[in-house]
Asks: 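First the structure, which I've put down as structure tokens, then a few questions once you've had a look.
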2 protein chains.
Amino acid sequence: MKLTEAEWQIMNALWQKHPATARDIMDRLPAGVNWAYTTIKTMLTRLVEKQAVGEVKQGNTSVYEPRVSQQKARLSAFRSLLDQAFDGAVGPLVHFLAEEKQLTAKERAELKKILDREADGKGE
Amino acid sequence: MKLTEAEWQIMNALWQKHPATARDIMDRLPAGVNWAYTTIKTMLTRLVEKQAVGEVKQGNTSVYEPRVSQQKARLSAFRSLLDQAFDGAVGPLVHFLAEEKQLTAKERAELKKILDREADGKGE
DNA sequence: TGCGATCTTCGACATATGTAGTAGAATGGC
DNA sequence: GCCATTCTACTACATATGTCGAAGATCGCA
């Protein structure tokens, strides 16, 4: 499930609260994204075709619902980034994060904590 | 500096060793990427236009050199992912990484190892 | 019940992206 | 010097993406 940039905007708004109408989504788009109503409809149509979103009519109005979870979409995007820019491995990414100082001590600690929990709680 | 998927392939090959000719790059592309020579040339031309790559003629042959570092390109891609899919913050990504069962035990272990090393090696 | 507000469906169009063929110039070995 | 090989510069073209506008179907309220 590969989403384009514009599609991410729509999905983000939809995940926030759903089901939602095109109008709802329009109102929830970040300030600065000032798309025409029909632009949003076009995006939704394409997302429905892609099966990323479900559509049900209520009276004359379509109501939308995500069909892919945010988690799944994130995973897909994350994997793509990894494959494309980090040799497909988490290691180079973590190194990068460390060197770029993108990770604060707090975040690092949190990540470790959660990883520890993961490790014994449910190691595979 | 936003690179497309195909452009990443070229850049990855170029960063590997440079300067390099189109032919060099062609040989270094991952198996499975079997582009025609002219396809690679087209990509290179576009990358030069974008100032992502420098070009110098040697005889009748162009020799290419990256103009953006891998580090910079990675940062840009990483930022894009964050903005687009993770509310623009590292926190949600860290969470995601931790929660995601899709990460193999190996990757998790590696992550932890690096985090440990980072932790005492250089406090920030 | 009539009208403005709102929806929907279609079509359109520019730019971006992926992928490559052609034609002509330069090169190098014989 | 000549020819096959290899380059470069152009052009081309399909599909993807970002953005709507127009026209007609509906709804809800005065």
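Only heavy atoms go into these numbers, but all of them, side chains included; no hydrogens, no water, no symmetry mates. Lettering follows sequence order; numbering is per chain, from 1.
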Asks: Would you say Thr61(A) places a side-chain N or O within less than 4.0 Å of OP1 or OP2 belonging to dT8(C)?
Replies: no
Asks: Any ion pair linking Glu7(A) and Lys2(A) (charged N to carboxylate O, less than 4.0 Å)?
Replies: no
Asks: Considering only heavy atoms and no angle criterion, is a donor-acceptor pair shorter than 3.5 Å present between the side chain of Thr38(B) and the base of dG21(C)?
Replies: yes
Asks: Indicate the atoms forming the closest heavy-atom contact of Ala89(B) with Leu82(B), along with that distance.
Replies: O-CG, 3.6 Å
Asks: Ignoring hydrogens, what is the shortest heavy-atom contact between Phe96(A) and Leu75(B)? Give both atom names and the distance.
Replies: CZ-CA, 3.4 Å
Asks: Do Arg23(A) and dT8(C) have a side chain to base donor-acceptor pair shorter than 3.5 Å?
Replies: no
Asks: Round to a whole Å and report the spacing from OH of Tyr37(A) to C1' of dG18(D).
Replies: 18 Å
Asks: Need one value for Thr39(A): base, sugar-phosphate or nothing, where a base atom within 4.0 Å counts as base even if backbone is also close, heavy atoms only.
Replies: base
Asks: Heavy-atom nearest nucleotide on DNA chain C for Trp35(B) versus Asn60(B): which residue maps closer to 5'?
Replies: Trp35(B)
Asks: Thr42(A) near the nucleic acid: base, sugar-phosphate alone, or nothing, with a heavy-atom cut-off under 4.0 Å?
Replies: base
Asks: Do Glu65(B) and Glu55(B) pass the side-chain contact (heavy atoms from CB on, under 4.5 Å) test, and can you show the C-alpha distance, the side-chain angles, and the key distance before you say yes or no?
Replies: CA-CA 6 Å; Glu65(B) 182 80 28; Glu55(B) 176 178 18; over 6 Å; no
Asks: So what does Lys50(B) hit on the nucleic acid, given a heavy-atom distance under 4.0 Å: a base, only sugar-phosphate, or nothing?
Replies: nothing
